[in-house]
Amino acid sequence: MRRRFCDWVNLGVMEKSRVLVIGGTGNLGYHIAIASIRSSHPTFALVRDDSSAAATGRSLKIQSLADAGVKILKGSLDDEVSLVEAVNRVDVVICAIPSRYVLDQKLLIRVIKQAGHIKRFIPSEFGMDPGKVQISGMDYGFYSKKAEIRGLVEVAGIPYTFVSCNFLMSYLLPSIVQSGLTAPPRDKATVFGDGNVKGVFMNEVDVAAYTINAVYDPRTLNKVMYLRPSGNVYSMNELINLWELKIGKKLDKDYVTEEELLKKIEETPYPENMDLIFIYSAFVKGDQTYFDIESSGGVEGSLLYPHIRYTTISEYLDTLV
């Protein structure tokens with residue numbers, strides 16, 4: 001008999017998954033661990049046993065996770081013994097490490113495959129779909145590394161969900177997509193391309209909520225879950241117009257053509273040019289929105305879980321006024 005979604009929700013409530021979060025001291029990983037424990041999943045966080053200054057700065061997050069009920073495990077992605085011990089304690093593994101370390105998941109994939117009991121693996125992706133981006137050869141391997149991890153997971157036969165949340169709101173949106181700025185413009189704004197191509201921004205807390213809902217949902221099994229809620233899909237023209245309404249002032253606009261942007265990317269050294277590359281990908285090429293989700297074999301999280309109250313772009317911009 002085919003189950004209704006409410007039946008799957010009730011099933012998830014009764015049969016809680018034991019969840020391991022790797023990268024739990026990072027911004028997104030922390031929110032995922034908190035969302036997991038608040039959903040009553042027995043939750044574990046694998047953290048590096050490190051006494052360095054950087055680790056000291058993470059101590060408050062580790063303590064916060066522990067206070068919330070998350071079980072702290074010592075280990076790392078390059079320590080096979082700790083990975084085996086951690087994986088053997090759980091049913092679900094979620095990795096939320098920074099993109100520059102994405103290939104460090106190779107040993108984890110091998111450990112999960114050998115364990116043979118993991119019901120769902122969500123690797124560290126959490127951005128644009130590496131299979132959809134149209135900037136091959138100009139992103140310094142950023143997306144090819146993520147695609148390599150996808151391929152390894154699929155070949156290993158591990159049950160997975162890939163989460164494609166597009167941009168996080170903490171990236172580019174605080175400046176209204178103004179490269180080089182850390183605060184929103186008050187007088188003049190740059191518009192890349194014609195300004196009509198739409199991009200997507202998601203609040204980290206909301207990404208965590210959608211991710212945890214997906215871990216026991218059969219509709220997300222072996223699929224890409226995209227996050228593209230209607231209140232968070234905006235073009236640059238729409239973003240700037242909305243910002244103008246918030247501050248009650250019209251901005252002077254400087255339109256940068258595709259050719260001019262590509263020239264600027266070429267002239268700007270790496271890694272300083274990565275913001276421009278991501279802007280080109282999302283707001284000129286349309287890599288977050290040019291394709292239809294259903295026909296590509298994916299699912300859209302805000303349609304699967306309409307009960308989640310997500311932060312809209314308009315609400316986020318209110319905090320910047």
I'd like to know if the side chain of [X] reaches the main chain of [Y], judged simply by a donor and an acceptor atom lying under 3.5 Å from each other, with no hydrogens or angles considered.
X	Y	result
N237	G195	yes
S179	D275	no
S39	A35	yes
E315	T312	yes
T289	K198	yes
S144	G141	yes
E294	V299	no
Q178	I176	yes
T220	A214	yes
Y140	M274	no

Is [Y] close to [X] at the side-chain level, that is, under 4.5 Å between some pair of heavy atoms?
X	Y	answer
P174	Y316	yes
L242	S314	yes
I62	T25	yes
S296	Y226	yes
Y30	E204	no
S164	M225	no
R58	V47	no
L221	T161	no

Quick one: side chains of residues 261-272, donor-acceptor pairs under 3.5 Å with protein atoms, not counting sequence neighbours, listed by atom name and distance.
| from | atom 1 | to | atom 2 | distance (Å) |
| --- | --- | --- | --- | --- |
| K263 | NZ | E267 | OE2 | 2.3 |
| T268 | OG1 | K264 | O | 2.7 |

In one Ile/Leu/Val/Met/Phe/Trp/Tyr side-chain cluster, 4.5 Å: [X], [Y]:
X	Y	value
L227	I32	yes
V215	L304	yes
L28	V163	yes
L251	M236	yes
L181	I279	no

Side-chain H-bond candidate by donor/acceptor type, S302 with E300, under 3.5 Å: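 E300 and S302 do have a side-chain donor-acceptor pair below 3.5 Å.
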
Under a 3.5 Å threshold, yes or no: a donor from one side chain and an acceptor from the other, between H31 and D206?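 Side chains of H31 and D206: no pair found under 3.5 Å.
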
Please report the closest heavy-atom contact between [X] and [Y], naming both atoms and the distance.
X	Y	result
I34	A68	CD1-CB, 3.8 Å
E125	P130	OE2-CD, 3.3 Å
V197	A282	CG1-O, 3.5 Å
K285	Q134	O-NE2, 3.2 Å
K188	P185	O-CB, 3.2 Å
M202	C165	CG-O, 3.4 Å

Could you check whether the rings of Y216 and H41 sit parallel, tilted or perpendicular, using 30° and 60° as the cut-offs?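 Tilted: the ring planes of Y216 and H41 meet at 30° to 60°.
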
Could you go through the side chain to side chain contact (heavy atoms under 4.5 Å, CB included) check for F44 and V90 one step at a time? CA-CA 8 Å; F44 303 79; V90 300; 3.5 Å; yes

Show every ring pair (Phe, Tyr, Trp, His ring centres under 6.0 Å) that has at least one partner inside residues 119-139, sequence neighbours left out.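 Residue pairs with at least one partner in residues 119-139: there are none.
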
Listing request: all ring pair (Phe, Tyr, Trp, His ring centres under 6.0 Å) pairs with a residue in residues 234-258, at least two apart in sequence or in separate chains.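 The answer is none; no pair qualifies.
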
Would the number of heavy atoms belonging to other residues, nucleotides or ligands and lying under 6.0 Å from NZ of K71 be above 12?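 Not buried by this count: 12 neighbours or fewer within 6.0 Å.
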
Quick test of your reading: applying side chain to side chain donor-acceptor pair (under 3.5 Å), list the pairs with at least one residue in residues 83-97, sequence neighbours left out, ordered by first then second residue.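 Output for this query lists R18-D91.
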
Using a strict 4.0 Å threshold on nitrogen-to-oxygen distance, state whether R219 and D217 make a salt bridge.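 The answer is yes: the pair qualifies as a salt bridge.
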
Does the distance from a Lys or Arg side-chain N to an Asp or Glu carboxylate O, for D187 and K249, drop under 4.0 Å?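 The answer is yes: the pair qualifies as a salt bridge.
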
Partner residues of F201 under the ring-ring contact (aromatic ring centres under 6.0 Å, His included) criterion, sequence neighbours left out: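 F201: ring-ring contact (aromatic ring centres under 6.0 Å, His included) contacts with F167.
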
Please report the C-alpha distance between I149 and K106 in whole Å, then the side-chain angles of each, then the deciding distance to 0.1 Å, and finally whether the side chain to side chain contact (heavy atoms under 4.5 Å, CB included) criterion is met. CA-CA 7 Å; I149 291 299; K106 290 182 177 180; 4.2 Å; yes

Show every donor-acceptor pair shorter than 3.5 Å between a side-chain atom in residues 93-105 and any protein atom, with sequence neighbours excluded, or say none if there are none.
| from | atom 1 | to | atom 2 | distance (Å) |
| --- | --- | --- | --- | --- |
| S99 | OG | K146 | NZ | 3.3 |
| Q105 | OE1 | S124 | N | 2.8 |
| Q105 | NE2 | V102 | O | 2.9 |

Could you grab the distance from atom [atom1] of [X] to atom [atom2] of [Y], nearest 0.5 Å is fine?
X	Y	atom1	atom2	result
M138	S281	CE	OG	8.5 Å
D129	F162	CG	CZ	9.5 Å
N241	S235	CG	OG	7.5 Å
F283	Q288	CZ	CD	6.0 Å
L173	L239	CG	CG	6.5 Å
L107	L83	CG	CG	5.0 Å

So S76 and L46, side chain to side chain contact (heavy atoms under 4.5 Å, CB included) or not? Walk me through it. CA-CA 7 Å; S76 66; L46 188 70; 5.8 Å; no

Going by side-chain contact (heavy atoms from CB on, under 4.5 Å), L65 matches just one of V21, L60, T43, V70. Which one?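 Exactly one candidate clears the test, V70.
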
Report yes if the distance between the aromatic ring centroids of Y210 and Y310 is under 6.0 Å, otherwise no.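 Centroid distance Y210-Y310: not below 6.0 Å, so no.
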
